[in-house]
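Mind looking over this structure? Questions follow.
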Amino acid sequence: QVQLVESGGGLVQAGGSLRLSCAASGRTFGNYAMGWFRQAPGKEREFVALITRSGSTTLYADSVKGRFTISRDNAKNTVYLQMNSLKPEDTAVYYCAERDNYGLGYANFRTYPYWGQGTQVTVSS
């Protein structure tokens, strides 16, 4: 019943920006914390950012702090990832995912039961 659909990926030059969106349906959006993860070919899926149910707390991986911003609009059932100062090493498929709320293991993708299909982000040098 829960569906997540990412959009906004594409090809950009190093130093450029993208805004990713994740639209949710099938449940009350505000009841879930939302995370963004990314995965490059042959690599483990890694944590990028999380926003709590109310949006009062955000968390980021060290690799993206100061460059990426996660936000949510519960009225629109949508979470966003604003990505600035992009680097070639940011190239990956980006996924949005949900869990009941922030807590122990928030950076472990195995603790998120709901996932979108991903959107490709490619940063050229």
Side-chain angles (χ1 to χ4, degrees):
Q1 294 184 17
V2 176
Q3 296 183 11
L4 303 173
V5 180
E6 301 95 335
S7 62
L11 174 64
V12 298
Q13 296 181 19
S17 298
L18 285 173
R19 185 188 298 271
L20 306 183
S21 299
C22 177
S25 63
R27 43 64 169 163
T28 302
F29 187 75
N31 288 345
Y32 297 84
M34 178 67 70
W36 284 97
F37 289 76
R38 65 187 183 186
Q39 188 168 21
K43 302 292 185 180
E44 186 87 349
R45 190 167 300 187
E46 65 177 354
F47 171 76
V48 176
L50 178 143
I51 187 165
T52 54
R53 289 175 179 174
S54 66
S56 61
T57 300
T58 57
L59 299 168
Y60 299 92
D62 288 342
S63 60
V64 306
K65 283 182 179 178
R67 300 189 297 122
F68 292 8
T69 302
I70 188 171
S71 61
R72 68 191 300 162
D73 186 337
N74 289 348
K76 296 181 179 179
N77 291 340
T78 302
V79 66
Y80 305 94
L81 185 68
Q82 178 66 44
M83 308 162 63
N84 298 327
S85 301
L86 284 162
K87 305 174 181 179
E89 49 264 46
D90 295 319
T91 296
V93 177
Y94 283 71
Y95 300 89
C96 63
E98 293 182 353
R99 60 184 294 176
D100 57 355
N101 209 355
Y102 165 73
L104 183 65
Y106 71 90
N108 185 346
F109 72 89
R110 297 176 183 87
T111 69
Y112 290 73
Y114 304 110
W115 292 85
Q117 295 300 307
T119 185
Q120 177 71 47
V121 172
T122 303
V123 184
S124 64
S125 60

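Residues: numbered from 1 along the sequence shown. Because only heavy atoms are used, hydrogens play no part in the values below, and waters and symmetry mates are left out as well, while side chains stay in.
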### Shared hydrophobic cluster for V79 and Y95 (ILVMFWY, side-chain gaps under 4.5 Å)
no

### Query
Is it true that a side-chain atom of T78 and a backbone atom of K76 form a donor plus acceptor pair closer than 3.5 Å?
yes

### Message
Is it the case that the side chain of R53 and the backbone of N101 share a donor-acceptor pair, with hydrogens and angles ignored and the cut-off at 3.5 Å?
### Response
no

### Side-chain (E6) to main-chain (G118) donor-acceptor, under 3.5 angstrom
yes

### Message
Quick check for you: to the nearest 0.5 Å, what is the distance between Y112 atom OH and L4 atom CG?
### Response
12.5 Å

### Task
Inspect the surroundings of CD in Q117 and state if more than 12 heavy atoms from other residues, nucleotides or ligands are less than 6.0 Å away.
no

### Summary
For V64 and V48, the nearest pair of non-hydrogen atoms, with its separation, is CG2-O, 3.6 Å

### Task
Could you tell me which non-hydrogen atom of T119 sits nearest to which non-hydrogen atom of G8, and how far apart they are?
OG1-N, 4.3 Å

### Task
Give, for atom OG1 of T69 and atom CG of L81, the distance between the pair rounded to the nearest 0.5 Å.
8.0 Å

### Query
Is Y32 reachable from L20 through a run of hydrophobic residues whose side-chain heavy atoms are each under 4.5 Å from the next?
yes

### Message
In the structure I gave you, are the side-chain heavy atoms of R38 and T91 within less than 4.5 Å of one another anywhere?
### Response
no

### Task
Determine whether F109 and Q39 make a side-chain contact, defined as any pair of heavy atoms from C-beta on separated by less than 4.5 Å.
no

## Note on the structure
In this structure, CE of M34 is separated from CG of N74 (nearest 0.5 Å) by 9.5 Å

#### Entry: Electrostatic pair K87-D90, nearest N-O below 4.0 angstrom
no

## Note on the structure
Shortest non-hydrogen pair, A14 vs S125, comes out as CB-CA, 4.5 Å

### Query
Can you tell me if OH on Y114 sees more than 12 non-hydrogen neighbours from other groups inside 6.0 Å?
no

### Query
Going by heavy atoms in the side chains, are S71 and Q82 under 4.5 Å from each other?
no

### Query
Do W36 and I70 come close enough that some side-chain heavy atom pair is under 4.5 Å?
yes

### Task
Give a yes-or-no answer on whether the side chains of T111 and R99 include a donor-acceptor pair shorter than 3.5 Å.
yes

#### Entry: Gap separating the CG atom of N108 from the CD atom of E46, nearest 0.5 angstrom
13.0 Å

### Sidechain-backbone polar pair: R72 side chain, T52 backbone, donor-acceptor under 3.5 Å
yes

### Where at least one partner belongs to residues 46-77, residue pairs that pass ring-ring contact (aromatic ring centres under 6.0 Å, His included), sequence neighbours excluded
F37-F47, F47-Y106

